[in-house]
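Taking it in order: structure first as structure tokens, then the write-up.
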Amino acid sequence: MINLLIRKTYHFYRRECCWPYSLSFLFVLVVYAVDFFPSPEPSRWPSVVSYLIIAGYYVYNVWLFKKKLLFSADDQFFIGILTVKIIVWGMILGGLLIFKH
């Protein structure tokens with residue numbers, strides 16, 4: 001089970017996922033860190049806007065998936081991994097907004 005997940009994840013990042021969108025998730029974490037940690041008065045808007053950008057593109061991918069216009073080797077896994085990432089990044093942002101308020 002774990003081997004299959006690792007293999008699918010490797011294949012997803014190696015062949016399926018577009019690298020700018022993949023990197024954008026890491027950049028959003030960098031924006032979170034810059035917004036919330038160096039200064040005592042955090043600026044929330046850059047983090048919220050950066051999350052909304054990746055969430056908007058996620059919604060677009062879900063729309064393509066539902067219309068059967070998403071072309072990947074495993075559409076179900078593609079949407080699943082993006083869903084998990086969007087939820088986790090949203091939880092991170094929510095936690096930062098609550099605890100750094």
Side-chain angles (χ1 to χ4, degrees):
M1 179 73 169
I2 297 293
N3 286 339
L4 179 62
L5 180 63
I6 291 170
R7 199 171 334 121
K8 283 188 171 193
T9 303
Y10 173 78
H11 179 74
F12 172 73
Y13 282 111
R14 176 102 171 137
R15 294 198 167 74
E16 298 287 325
C17 184
C18 67
W19 64 269
Y21 188 50
S22 182
L23 282 177
S24 69
F25 280 94
L26 296 175
F27 289 142
V28 168
L29 289 179
V30 170
V31 171
Y32 288 0
V34 169
D35 283 350
F36 285 96
F37 292 108
S39 99
E41 190 65 35
S43 171
R44 296 173 191 92
W45 288 111
S47 291
V48 171
V49 169
S50 64
Y51 178 76
L52 289 175
I53 290 169
I54 62 170
Y57 192 65
Y58 164 75
V59 169
Y60 174 69
N61 279 318
V62 169
W63 179 79
L64 289 175
F65 175 71
K66 293 198 184 277
K67 295 281 188 180
K68 305 251 189 265
L69 298 172
L70 189 63
F71 301 108
S72 67
D74 191 351
D75 293 345
Q76 205 68 15
F77 183 77
F78 180 81
I79 292 299
I81 198 167
L82 290 181
T83 301
V84 168
K85 287 171 76 172
I86 286 294
I87 290 170
V88 169
W89 267 243
M91 289 172 57
I92 292 170
L93 179 59
L96 288 170
L97 289 171
I98 290 169
F99 294 116
K100 287 289 196 169
H101 185 12

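Any value given below was found using the heavy atoms of this structure, including those in side chains, with hydrogens, waters and symmetry copies removed.
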Run the ring-centre check on Phe25 versus Trp89 and record whether the distance is less than 6.0 Å.
yes
Shared hydrophobic cluster for Leu82 and Val84 (ILVMFWY, side-chain gaps under 4.5 Å):
yes
Heavy atoms only: give me the nearest Leu97-Arg44 pair and the separation to one decimal.
CD2-CD, 3.3 Å
Which residue in the set Leu93, Ile92, Val28 passes side-chain contact (heavy atoms from CB on, under 4.5 Å) when paired with Ser47?
Leu93
Whether Tyr51 side chain and Ile86 backbone form a donor-acceptor pair below 3.5 Å:
yes
Is there a side-chain contact between Thr9 and Phe77, using heavy atoms and a 4.5 Å cut-off?
yes
Side-chain heavy atoms under 4.5 angstrom apart, residues restricted to Ile, Leu, Val, Met, Phe, Trp, Tyr: same cluster for Trp45 and Tyr32?
yes
Going by atom type alone, with no hydrogens or angles, which donor-acceptor pairs under 3.5 Å involve a side-chain atom of residues 52-70 and a protein atom two or more places apart or on another chain?
residue: Tyr58; atom: OH; partner: Thr83; partner atom: OG1; Å: 2.6
residue: Asn61; atom: ND2; partner: Tyr57; partner atom: O; Å: 3.4

Do Phe36 and Val49 share a hydrophobic cluster, counting only Ile, Leu, Val, Met, Phe, Trp and Tyr and linking them when any side-chain heavy atoms are less than 4.5 Å apart?
no
Treating Ile, Leu, Val, Met, Phe, Trp and Tyr as nodes and any side-chain heavy-atom pair under 4.5 angstrom as an edge, say whether Leu23 and Val31 lie in one connected cluster.
no
